[in-house]
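To keep things clear, I will list the structure first and then write my remarks on it.
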Amino acid sequence: MHSLLTSTAAGIPVHAVSTGTWPARLDQLSPANRSFALAQGFAGRAGQHCLLPDPQGAIATVLLGVDTTGRRPDPFAPGRLAALLPAGDYTLSGAIDDPALATLGWLLQGYRFDRYRKPNPARARLVVPDGVDGEEISLIAESAMLARDLVNTPANELGPGEIEAAIRGLAAECGATVASIVGDDLIARNFPMIHAVGRASTRAPRLVDLVWGGPAHPKVTLVGKGVAFDTGGLNLKPDASMLLMKKDMGGAAAAIAAARMIMLAKLPVRLRLLVPAVENSVSGNAFRPGDVLASRKGLSVEIGNTDAEGRLILADALALADEEAPELLVDFATLTGAARTALGPDLPPFYTHDESLAAEIARLGMAVNDPVWRLPLWPPYDGLLDSKMADVNHISTGGMAGSVTAALFLNRFVEKTQSYAHFDIYAWNPSAKPGRPEGGECQGARLIHALVKQRF
């Protein structure tokens, strides 16, 4: 169980109140604590908290304001206290709608990326609420934290080889097998677009292939975009756009996290994890705008912009995944700025032709507080990818519907698989929210774990 949780029988009570229930609670306090709470301006509003002392000056109770205004309250909201309370053991009580998600929010809020600084001292611990599986919550949180660690690690210490090493570490932990295809072997093994995108870097491109579970079980395949750093290639990004490009492997991080959740939960599936890992660099042998690339699927692809490299490496990996027609195929990718323009950083769009799968994804995303929003694979926009020189251009003309056309491009490389979904994630929290500290974020993985658990 995670170090921020404890199974001890007692802790300092954290009592959740709202603006509606606060007056009644106020009447139950001692005169000293009533005056203390009022002096601090506590009124039960969402985001407020107040530490009430006992006669000796120690913390006796923590009051937490929660939102009951009619809009959906954030189930992670109680977890914000993990970063605010002094060391000690605490117990949730009062108006907590979902103790399991409150517990998960506590762990996710307590995340710190300490690789380059001294670790924090003793922290606030939460007593596992009754009916909550602390081991399962810890597994989910630790997998999400692994993804955050990968995204937060700077590119000078996390290249394609280190992404492969992380997957091999996961395989050792979970009893999976791993193979990789590296450098010029990608050409020999028919992954020409992965090779083309990564060949300009001194760090060799590769395709990492992890397999776990019994061969007779339903096949579930996860694909993650692993661009360790994206300069934009010859279509060089401006400095402001390049600053966060260490997170361009956030899709791979989410896929790794989802795979870890599935494997350590021992779900009855044959899991495959495919991560094309590259660095999109600039050198004399970089691929160019106007080039025509071969692909694993046999489609010729005209390059409209070298900064749209993620869909190229995904296309080769998806073509491989589709060859065995898994029962479920999911890809995660930090793919387009258009997705962020449409939905912002907190709500990734997803795309699928499978209506049943779409309904499950939307419902489970809300249920586990890993929200996503469906956007359409709109057939009339397919023509925006037309090329006069090749079977398809990998970007659209006119600059509109960028996330939709990227999804339509990827969809051309999946034919046999009936249940396929593409997630265009951001993998970063630009500002802190409950359970979501600023920095690298794991999006989509928890809902896919819940989906696989439900479906299989």
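Scope of the values below: all heavy atoms of this structure, side chains included, with no hydrogens, waters or symmetry mates.
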Side chains of [X] and [Y] in contact at under 4.5 Å (non-hydrogen atoms):
| X | Y | value |
| --- | --- | --- |
| Ile181 | Phe191 | yes |
| Ile167 | Ile256 | yes |
| Val223 | Thr221 | yes |
| Leu107 | Ile137 | yes |
| Ser419 | Leu329 | no |
| Glu309 | Asp307 | yes |
| Leu264 | Glu173 | yes |
| Leu447 | Ile361 | yes |

Rounded to the nearest 0.5 Å, what separates atom [atom1] in [X] from atom [atom2] in [Y]?
| X | Y | atom1 | atom2 | value |
| --- | --- | --- | --- | --- |
| Glu164 | Leu210 | CD | CG | 11.0 Å |
| Thr336 | Ile395 | OG1 | CD1 | 12.5 Å |
| Phe413 | Ser295 | CZ | OG | 4.5 Å |
| Leu186 | Asp316 | CG | CG | 8.5 Å |
| Lys246 | Leu244 | NZ | CG | 7.5 Å |
| Leu104 | Leu126 | CG | CG | 11.5 Å |

Check: [Y] main-chain N/O paired with [X] side-chain donor or acceptor under 3.5 Å:
| X | Y | answer |
| --- | --- | --- |
| Ser300 | Asp391 | yes |
| Thr153 | Leu158 | no |
| Thr417 | Val414 | no |
| Asp370 | Gly444 | yes |
| His422 | Val330 | no |
| His195 | Asn190 | no |
| Ser143 | Leu139 | yes |
| Ser201 | Gly198 | no |
| Glu162 | Gly159 | yes |
| Asp133 | Glu136 | yes |

Between [Y] and [X], does any NZ, NE, NH1 or NH2 come within less than 4.0 Å of an OD or OE carboxylate oxygen?
| X | Y | answer |
| --- | --- | --- |
| Glu323 | Arg296 | yes |
| Glu441 | Lys247 | no |
| Glu279 | Arg203 | yes |
| Lys433 | Asp74 | no |

Does atom [atom1] of [X] have more than 12 heavy-atom neighbours from other groups under 6.0 Å away?
| X | atom1 | result |
| --- | --- | --- |
| Arg189 | CZ | no |
| Lys237 | NZ | yes |
| Tyr381 | OH | no |

### Message
Can a side-chain donor-acceptor contact be found between Ser403 and Asp424 if the only test is distance below 3.5 angstrom?
### Response
yes
### Query
Do we see a donor-acceptor contact under 3.5 Å between the side chains of Asp149 and Tyr111?
yes
Least distance between heavy atoms, [X] atom then [Y] atom:
| X | Y | answer |
| --- | --- | --- |
| Ser180 | Arg168 | OG-NH2, 3.5 Å |
| Val275 | Gly226 | CG1-CA, 4.3 Å |
| Ala166 | Leu150 | CB-CD2, 4.0 Å |
| Ile163 | Met249 | CD1-CB, 4.0 Å |
| Pro434 | Ala77 | CB-CA, 3.8 Å |
| Gln443 | Ile425 | OE1-CB, 3.6 Å |

### Task
Determine which pairs satisfy ring-ring contact (aromatic ring centres under 6.0 Å, His included) with at least one residue from residues 429-455, sequence neighbours left out, and list them in order.
none
### Task
With side-chain contact (heavy atoms from CB on, under 4.5 Å) as the test, would you mind laying out the steps for Arg272 and Asp209 before giving the verdict?
CA-CA 7 Å; Arg272 191 178 194 185; Asp209 188 348; 2.7 Å; yes
### Query
Taking only residues two or more places apart in sequence, or in another chain, which ones meet Asp184 in a salt bridge (charged side-chain N to carboxylate O under 4.0 Å, His left out)?
none
### Message
Working note: Glu157 + Tyr116, criterion side chain to side chain donor-acceptor pair (under 3.5 Å); need CA distance, chi angles, decisive distance, verdict.
### Response
CA-CA 12 Å; Glu157 295 200 10; Tyr116 303 106; 3.1 Å; yes
### Query
Checking side-chain contact (heavy atoms from CB on, under 4.5 Å) for the pair Asn369/Phe76: CA distance, chi angles, key distance, verdict?
CA-CA 8 Å; Asn369 203 26; Phe76 285 170; 3.3 Å; yes
### Summary
Across all chains, not counting sequence neighbours, the side chain to side chain contact (heavy atoms under 4.5 Å, CB included) partners of Arg374 are Phe350, Thr352, Glu355, Ala358
### Task
Begin with the C-alpha distance, continue with both residues' side-chain angles, and end with the deciding distance and a verdict on side-chain contact (heavy atoms from CB on, under 4.5 Å) for Arg436 and Ser431.
CA-CA 8 Å; Arg436 296 176 170 90; Ser431 60; over 6 Å; no
### Task
List the steps and the verdict of side-chain contact (heavy atoms from CB on, under 4.5 Å) for Phe287 and Met193.
CA-CA 10 Å; Phe287 77 119; Met193 292 201 294; over 6 Å; no
### Task
In sequence, state the C-alpha distance, the side-chain angles, and the governing distance for Lys388 and Glu302, and then conclude on salt bridge (charged side-chain N to carboxylate O under 4.0 Å, His left out).
CA-CA 9 Å; Lys388 295 180 180 179; Glu302 182 182 1; over 6 Å; no
### Query
Knowing that exactly one of Asp248, Asp230, Asp331 qualifies, which makes a side chain to side chain contact (heavy atoms under 4.5 Å, CB included) with Lys225?
Asp248
### Task
Anything under 30° is parallel, anything over 60° is perpendicular, the rest tilted; go ahead and classify Phe423 against Phe332.
parallel
### Summary
Only residue of Arg270, Lys219, Lys416 satisfying salt bridge (charged side-chain N to carboxylate O under 4.0 Å, His left out) with Glu324 is Arg270
### Task
Let me see the working for Asp185 and Arg206 under salt bridge (charged side-chain N to carboxylate O under 4.0 Å, His left out), right down to the final yes or no.
CA-CA 9 Å; Asp185 286 346; Arg206 63 203 64 215; over 6 Å; no
